[in-house]
Amino acid sequence: MPRIRVMIVDDEEDLVSILVERLQFRGYQAEGVLSGKEAIAKAAVQEFDIAVIDVKMPEINGIETLRRLKKIKPSMKVILLTGHGCEAEGEEGLAEGAFDYLIKPVNIEEITAKINSALGISSRE
């Protein structure tokens, strides 16, 4: 089975590094970017199966990043990360085409389970 290509989008550099490293350790092909602008530029020239996007980012927030990504890559799945108490943003993301959202803080098992669910994969070895 080909490796799942994941883009992590968050303005917290440490979080991006940790998630990319942990996803790669689990066999995913993961890359990280630190802004919505970078995510849109990268998606325009590279294929990803799924993006995990933080809602709260400067300049282009996660909802607007989702909208723009869906225009250039309609088949790419998107999972949003939102802060505790910000479920309304997650719901807005669902209305804009996100597969689902997770509430921070998240652990790697939650993220991998949601990625696999979005891509219709029942389990990973």
> Does one hydrophobic cluster hold both Val106 and Met57, with members joined at side-chain heavy-atom distances below 4.5 Å?
Replying inline: no

> Partners of Asp49 by salt bridge (Lys or Arg N to Asp or Glu O under 4.0 Å), sequence neighbours excluded?
Replying inline: Arg5

> Under 3.5 Å, is there a donor-acceptor pair between the Tyr101 and Glu91 side chains?
Replying inline: yes

>> Evaluate Leu94 against Asp100 for side chain to side chain contact (heavy atoms under 4.5 Å, CB included), listing each step before the verdict.
In response: CA-CA 6 Å; Leu94 294 177; Asp100 208 345; 4.3 Å; yes

> When you look at Arg68 and Glu96, which way does the salt bridge (charged side-chain N to carboxylate O under 4.0 Å, His left out) test go after all the steps?
Replying inline: CA-CA 10 Å; Arg68 294 185 191 187; Glu96 292 290 340; over 6 Å; no

> Say you draw a straight line from OG1 of Thr82 to NZ of Lys56; how long is it, rounded to the nearest 0.5 Å?
Replying inline: 7.0 Å

>> Could you report the tightest heavy-atom contact between Leu80 and Gly93, atom names first, then the distance?
In response: CD1-CA, 3.4 Å

>> If you define the side chain from C-beta out and look only at heavy atoms, does anything of Arg26 sit under 4.5 Å from Glu109?
In response: yes

> Considering all heavy atoms of both residues, which atom of Ile4 and which atom of Ile115 are nearest to each other, and what is their separation?
Replying inline: CG2-CG2, 4.3 Å

> Can you hop from Leu66 to Ile72 via hydrophobic side chains spaced under 4.5 Å?
Replying inline: yes

>> Applying a strict under-4.5 Å side-chain criterion to I, L, V, M, F, W and Y, I'd like to know whether Ile79 and Leu15 cluster together.
In response: yes

> Which is it for Glu31 and Lys42 under the salt bridge (charged side-chain N to carboxylate O under 4.0 Å, His left out) test, yes or no, and what are the steps along the way?
Replying inline: CA-CA 10 Å; Glu31 293 186 39; Lys42 189 170 276 274; 2.9 Å; yes

> Closest approach of Gly62 and Ile53, non-hydrogen atoms and distance?
Replying inline: CA-CG2, 3.7 Å

>> If you compare all heavy atoms of Val6 against all heavy atoms of Ile8, which two are closest, and at what distance to 0.1 Å?
In response: CG1-CD1, 3.9 Å

> Looking at OG of Ser117 and CD1 of Ile50, how far apart are the two atoms once the value is rounded to the nearest 0.5 Å?
Replying inline: 9.0 Å

>> Could you check whether any side-chain N or O of Lys70 sits under 3.5 Å from a backbone N or O of Met76, counting only pairs where one atom can act as donor and the other as acceptor?
In response: yes

> Looking at side-chain heavy atoms only, is the closest gap between Tyr28 and Asn116 below 4.5 Å?
Replying inline: yes

> Does some side-chain heavy atom of Val52 sit less than 4.5 Å from a side-chain heavy atom of Leu23?
Replying inline: no

>> If I take atom OG1 from residue Thr65 and atom CD1 from residue Ile40, how far apart are they, to the nearest 0.5 angstrom?
In response: 5.0 Å

> Roughly how far, to the nearest 0.5 Å, is CG of Asn61 from CD of Glu64?
Replying inline: 7.0 Å

> If you round to the nearest 0.5 Å, how far is CD of Glu92 from CD1 of Ile63?
Replying inline: 4.5 Å

>> List the residues meeting side-chain contact (heavy atoms from CB on, under 4.5 Å) with Leu34, not counting sequence neighbours, and say none if there are none.
In response: Glu13, Val16, Glu38

>> Looking at every non-hydrogen atom in both residues, tell me the closest pair between Leu69 and Ala51 and how far apart they are.
In response: CD1-CB, 4.4 Å

> For the side chain of Glu21 and the backbone of Ile18, is there at least one donor-acceptor N/O pair under 3.5 Å apart?
Replying inline: no

> Going by heavy atoms in the side chains, are Val33 and Met7 under 4.5 Å from each other?
Replying inline: yes

>> Going by side chain to side chain donor-acceptor pair (under 3.5 Å), name the residues that satisfy it together with Lys104, two or more places apart in sequence or in a different chain.
In response: Asp10, Glu12, Asp54

> Which pair of heavy atoms, one from Val9 and one from Ala39, lies closest together, and at what distance?
Replying inline: CG2-CB, 3.6 Å

> Is Ile121 reachable from Leu102 through a run of hydrophobic residues whose side-chain heavy atoms are each under 4.5 Å from the next?
Replying inline: yes

